[in-house]
Amino acid sequence: MTTSASVPTGPDTAIVGRGTVTDRLVDANERYADAFTDPGMDARPVLHVAVVACMDARLDLHAALGLELGDCHTIRNAGGVVTDDVIRSLTISQRKLGTRSIVLIHHTGCGLESITEDFRNELELEVGQRPAWAVEAFRDVDQDVRQSMQRVRTSPFLLHTDEVRGFVFDVKTGLLREIDPA
């Protein structure tokens with residue numbers, strides 16, 4: 001797993017400069033685009049797999065899974081939880097873009113383990129409107145992976161639910177631990 005501390009910091013790759021973080025990202029994109037060539041791919045992933053994972057910045061999914069550009073669809077959100085929007089993305093991925101396998105990846109030390117659904121109440125008090133979405137907080141990461149696998153397997157919208165596997169990524173070792181769906 002790479003971290004921002006281990007990413008090369010030479011003049012060609014560093015996110016340096018003045019201005020906001022977004023300004024620096026746009027500058028980095030300009031350097032990237034200077035060397036960019038169209039890989040000639042379409043939106044169909046080469047490996048016919050969709051990966052659903054947490055948005056945690058410590059997870060470098062492509063490196064951790066040995067993936068290259070174009071290999072998979074990657075769907076990320078807080079916790080890597082299978083929500084209605086994840087089902088929407090997976091449905092499009094399968095029905096229109098040919099994926100068949102689904103890999104779910106949660107991780108150790110997830111921020112969703114340290115909050116509760118009371119977060120919605122706090123937001124409502126602060127902004128005067130209750131979020132329509134659930135926080136999807138959890139205490140047991142293994143059980144949450146099982147719940148996500150069950151949501152995928154029981155969705156009427158997904159064509160391919162026989163190749164669904166769930167894992168917990170250990171942020172300290174970089175290893176995946178497979179979760180038994182039972």
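Model, not experiment: these values are computed from the prediction.
With hydrogens and angles disregarded, no donor-acceptor distance shorter than 3.5 Å links the side chain of R58 to the backbone of V171. Between the side chain of E113 and the backbone N or O of A137 there is no donor-acceptor pair closer than 3.5 Å. Using modelled atom types, one side-chain atom of H73 and one backbone atom of A43 make a donor-acceptor pair closer than 3.5 Å. Remark: the backbone N or O of R151 is not paired with any side-chain donor or acceptor of S155 at under 3.5 angstrom. Distance alone, capped at 3.5 Å, places no donor-acceptor pair between the S93 side chain and the S89 backbone. Remark: the backbone N or O of M149 is not paired with any side-chain donor or acceptor of R165 at under 3.5 angstrom. Judged purely by atom type and a 3.5 angstrom limit, R153 uses its side chain to pair as donor or acceptor with the backbone of V164. Of the possible polar contacts, one joining the D23 side chain to the T20 backbone as a donor-acceptor pair under 3.5 Å is found. A donor-acceptor contact shorter than 3.5 Å links the side chain of R95 to the backbone of F157. Although no hydrogens or angles enter the test, the distance criterion places a donor-acceptor pair under 3.5 Å between the side chain of R120 and the main chain of P131.
We find the CD1-OG1 distance between I87 and T91 to be 6.0 Å, quoted to the nearest 0.5 Å. Annotation: the span from Y32 atom OH to L25 atom CG amounts to 14.0 Å, rounded to 0.5 Å. The distance from the CG atom of L123 to the CG atom of D118 is 11.0 Å, given to the nearest 0.5 Å. In this structure, CD on Q147 lies 6.5 Å from CD on E136, to the nearest 0.5 angstrom. Distance check, rounded to the nearest 0.5 Å: CG of D56 to CG of N77 gives 12.0 Å. The CD1 atom of I115 sits 9.5 Å away from atom CZ of F138, with the distance rounded to the nearest 0.5 Å.
By the criterion of side-chain heavy atoms lying less than 4.5 angstrom apart, applied directly or through intervening Ile, Leu, Val, Met, Phe, Trp or Tyr residues, L104 is grouped together with V86 in one hydrophobic cluster. The hydrophobic clustering, which links ILVMFWY residues whose side-chain heavy atoms are closer than 4.5 Å, places F167 and L47 together. In the hydrophobic clustering of ILVMFWY residues, with side-chain heavy atoms under 4.5 Å counting as a link, F169 and L65 come out together. V49 and L97 are assigned to two separate hydrophobic clusters, defined by single-linkage of ILVMFWY side chains at heavy-atom distances under 4.5 Å. Residues V82 and V135 share a hydrophobic cluster, clusters being chains of Ile/Leu/Val/Met/Phe/Trp/Tyr side chains in contact below 4.5 Å.
The number of heavy-atom neighbours closer than 6.0 Å to CG of D84, taken from other residues, nucleotides and ligands shown, is 12 or below. The number of heavy-atom neighbours closer than 6.0 Å to CZ of R76, taken from other residues, nucleotides and ligands shown, is above 12. By the 6.0 Å contact criterion, CD on Q129 is open, its count of non-hydrogen atoms from other residues, nucleotides or ligands being 12 or less. More than 12 heavy atoms of other shown residues, nucleotides or ligands fall within 6.0 angstrom of atom CD in E178.
A 4.5 Å side-chain heavy-atom check between T108 and V141 finds every atom pair outside the cut-off. You'll find the side chain of I179 reaches within 4.5 Å of the side chain of R146, heavy atoms only. Considering only heavy atoms from C-beta on, V168 stays 4.5 Å or farther from L176 through its side chain. Inter-residue side-chain proximity for V145 and I105 is flagged as unmet; no heavy-atom pair is nearer than 4.5 Å. Between D142 and R177 the shortest side-chain heavy-atom distance falls below 4.5 Å. At least one side-chain heavy atom of T99 sits less than 4.5 Å from a side-chain heavy atom of Q94. Side-chain atoms of V81 and L112, non-hydrogen and from C-beta on, do get closer than 4.5 Å to each other. Residues N121 and L125 have side chains not in contact (no heavy-atom distance under 4.5 Å, counting atoms from C-beta outward).
The minimum heavy-atom distance linking D144 with H106 is given by the pair OD2-NE2, 2.9 Å. Annotation for G80 and S148: closest pair O-OG, 4.2 Å, computed over non-hydrogen atoms.
Between R88 and D85 there is a salt bridge, with a side-chain nitrogen of the basic residue lying less than 4.0 Å from a carboxylate oxygen of the acidic one.
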Worksheet item: Would C72 and T74 satisfy side chain to side chain contact (heavy atoms under 4.5 Å, CB included), going step by step from the backbone distance to the final call?
Response: CA-CA 6 Å; C72 73; T74 306; 3.4 Å; yes
